[in-house]
> 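Just passing along the structure, written as structure tokens.
Here is the naming used below: chain letters follow the sequence lines, and residue numbers restart at 1 for every chain.
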Amino acid sequence: MDFKTSFSGIFESLMTREPLFLSKEVLRHSYTPDELPHRHNEIRQLAMILSSVLRNEESSNILIYGKSGTGKTIVSRFICSELESTGQKLNIPVKTAYINCEITDTQYRVLQNLAETFGERVPFTGWPTDKVYRTFLSSIDQQKQCVVIILDEVDRLVQKSGDDIIYNLTRINSELKHARVSIIGISNDLKFKDYLDARVQSSLSEEVVVFKPYDARQLEDILNQRAELAFKPGAVDEYVIPLCAAFAAREHGDARKALDLLRVSGEIAERESATRVQERHVRMAKDRIEADSIVEAVRTLPTQSKILLYAIILLTEQKHRNITTGDVYDTYSRLCKKAGLDILTQRRVSDLLSELDLLGIVNSTVVSKGRYGRTRQIHLMVPLVGIRLVVEDDIRLKGLSTFQPAQRRL
DNA sequence: AATCCACAGGAAGCCCGGGAAC
DNA sequence: GTTCCCGGGCTTCCTGTGGATT
């Protein structure tokens, strides 16, 4: 067979290849389906609490608990948009503001964000916090209206900036003449309440709604519902969805993971020009999602953390067992010198190490070696070779690949 | 039992860039 | 321009500690 016959019409074959997807959008996190399976009770519960808003009464503040991917965000947004539209019909102005506290994680920025949602212009820094608060307050108080504020991942906010902001927001009603404010706090952390001041605790959690993780069967229902819209009929093998559901159920019933898994499986199958999505595609997808998230986490690390990680990689390559903070700091400082970068203090490096730990890139446990002190033992938790390349790819670290760490101190 | 290592990790405060107001 | 505020990265200084060694 010559070249021409084997490749002629290659584009035609690619173009005529049947796509498996009808709409990939349906499988994304941002997509809100018309129907939220297995969350009817929670929706009813929230609706009951918030319905007082439509009777022009003050509504209780709500605290929502549940692990990631249990539908907290999607349900709250759904219920709020329902509330807004019903309010419109009844001629009762209802406004909702959604804030993701993982991104907006200081008191100033929460207030700034809120003020902007209500059409005020507030610089992202510069004003005294009090002024931003006043701006927001007068902005919503211009007319009689109900304002529902969703604070998603509120535990992050409290962890980082304390509970002042929540305290202020829960008390805001006493300063308002016309408008009313209710707060919905969403938290992944079940112990979150313990970090709050007692007064804040009681006012924020007047009502508590708990979202239980989905089990494998429920995840299957969710996936089936979406797959029907996302894929062509018959494009998905019988066992694909149960397998995605099973994998995700193992990770505390995370529906987002399940959807990702299904979407990536489909993408892999499509790229392979397979006629249907099969079980093996799911397994490949699982591996790929895991690998991608690690690479992404490492790639977006700040330079100092990359050098630090590089030090750990080098020490691991030299098969040092029981790498300690001291070893890492030693190698790290010499790497910095070679790369011409500032050397941070050990205290700071210790914090960066904790961050790497939090990201799951390394695992560190504090051990006591008796007379020889207390330190962390650090293990790399990611595949050495692949990650080394990702770190070396950082332009500022070029030229460090020939670096030899010192022999182990005794 | 006392000592003491090698850090962990909290607290406070510095410095910087970004921005507003005067 | 000066003076104020905010947030984030960082340093300085500090107290705390599990257990092998003395």
> Between the protein and nucleotides 20-22 of chain C, are there any N/O to N/O pairs under 3.5 Å, and if so, what are the atom names and distances?
unit_1	atom_1	unit_2	atom_2	d
dA20(C)	O4'	R371(A)	N	3.3

> What are the residues of residues 351-363 of chain A, sorted by number, that bring a heavy atom to within less than 4.0 Å of DNA chain C?
none

> Can you figure out which of dT11(C), dG7(C), dA8(B) approaches the side chain of T345(A) most closely?
dT11(C)

> Can you list everything that forms a side-chain contact (heavy atoms from CB on, under 4.5 Å) with F124(A)? Sequence neighbours excluded, please.
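By the side-chain contact (heavy atoms from CB on, under 4.5 Å) rule, F124(A) matches Q112(A).
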
> I need the OH-C1' distance between Y108(A) and dG8(C), as an integer number of Å.
15 Å

> My understanding is that only residues two or more places apart in sequence, or in another chain, count here; which of them pass side-chain contact (heavy atoms from CB on, under 4.5 Å) with T135(A)?
E120(A), V122(A), W127(A), K131(A)

> Among residues at least two apart in sequence or on other chains, which ones pass side-chain contact (heavy atoms from CB on, under 4.5 Å) with E238(A)?
none

> Can you tell whether the side chains of E272(A) and R280(A) come within less than 4.0 Å, N to carboxylate O?
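Here E272(A) pairs with R280(A) in a salt bridge, since their nearest N and O are under 4.0 Å apart.
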
> Donor-acceptor pair, distance only, cut-off 3.5 Å: does the side chain of Y332(A) make one with the backbone of L344(A)?
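Checked: pair present.
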
> In chain order, what residues pass the side-chain hydrogen bond (donor to acceptor under 3.5 Å, both in side chains) check against E175(A), with sequence neighbours excluded?
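So E175(A) forms a side-chain hydrogen bond (donor to acceptor under 3.5 Å, both in side chains) with Y133(A), R134(A).
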
> Mark yes or no: R283(A) above the aromatic ring of F247(A), with NZ or CZ under 6.0 Å from the six-membered ring centre and no more than 45 degrees from the axis.
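Geometry flag: not set, cation outside 6.0 Å or 45°.
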
> Among dC5(C), dG9(B), dC10(C), which nucleotide has an atom closest to any side-chain atom of V366(A)?
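Selected nucleotide (nearest to the side chain): dG9(B).
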
> dC6(C) P sits how many Å from Q112(A) CD, rounded?
13 Å

> Whole Å only: how far is the CZ atom of R376(A) from the P atom of dG18(C)?
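After rounding, the reported distance stands at 16 Å.
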
> Look at the side chain of R347(A) against the base of dG10(B) and say whether a donor-acceptor pair falls under 3.5 Å; ignore hydrogens and angles.
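Answer yes: a donor N or O sits under 3.5 Å from an acceptor.
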
> With sequence neighbours excluded, tell me which residues meet side-chain hydrogen bond (donor to acceptor under 3.5 Å, both in side chains) with R28(A).
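Once residues adjacent in sequence are excluded, the partners of R28(A) under the side-chain hydrogen bond (donor to acceptor under 3.5 Å, both in side chains) criterion are E25(A).
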
> If I take atom CG in residue D330(A) and atom C1' in nucleotide dC7(B), what distance separates them, rounded to the nearest angstrom?
14 Å

> Angle between the two end axes of the helix from dA1(B)-dT22(C) to dC22(B)-dG1(C), five base pairs per end, rounded to 10 degrees?
30°

> Applying ring pair (Phe, Tyr, Trp, His ring centres under 6.0 Å), name anything that partners F21(A), two or more places apart in sequence or on another chain.
F231(A)

> Give the rounded distance in Å between these two atoms: CZ of R348(A) and C1' of dT11(C).
10 Å

> Think T106(A) has a side-chain N or O under 4.0 angstrom from the OP1 or OP2 of dG7(C)?
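It does, given that an N or O in the side chain of T106(A) lies less than 4.0 Å from OP1 or OP2 of dG7(C).
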
> Output the rounded distance in Å from CD (Q346(A)) to P (dA6(B)).
11 Å

> Looking at Y31(A), I'd like to know if the NZ or CZ of R226(A) sits under 6.0 Å from its six-membered ring centre while staying within 45 degrees of the ring's axis.
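Here R226(A) fails the 6.0 Å and 45° test against Y31(A).
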
> For S52(A), enumerate each residue passing the side-chain contact (heavy atoms from CB on, under 4.5 Å) test, keeping only those at least two apart in sequence or located in another chain.
R55(A), E57(A), S59(A)

> Do any side-chain nitrogens or oxygens of R109(A) fall under 4.0 Å of OP1 or OP2 in dG7(C)?
no

> For F211(A), what residues pass the ring pair (Phe, Tyr, Trp, His ring centres under 6.0 Å) criterion, not counting sequence neighbours?
none

> Which whole-number value in Å describes the distance from Y332(A) OH to dC7(B) C1'?
17 Å

> For the salt bridge (charged side-chain N to carboxylate O under 4.0 Å, His left out) test, which of K257(A), R263(A), R256(A) pairs with D260(A)?
R263(A)

> Just how far, in rounded Å, is P of dC10(C) from CD of Q304(A)?
6 Å

> Looking at R276(A) and D237(A), does any basic side-chain N land under 4.0 Å from a carboxylate oxygen?
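Yes, this pair counts.
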
> What one-letter contact string describes nucleotides 12-22 of chain B from 5' to 3', where B marks a base within less than 4.0 Å of any protein heavy atom, S marks contact via sugar-phosphate atoms alone, and - marks no contact?
------BBSS-

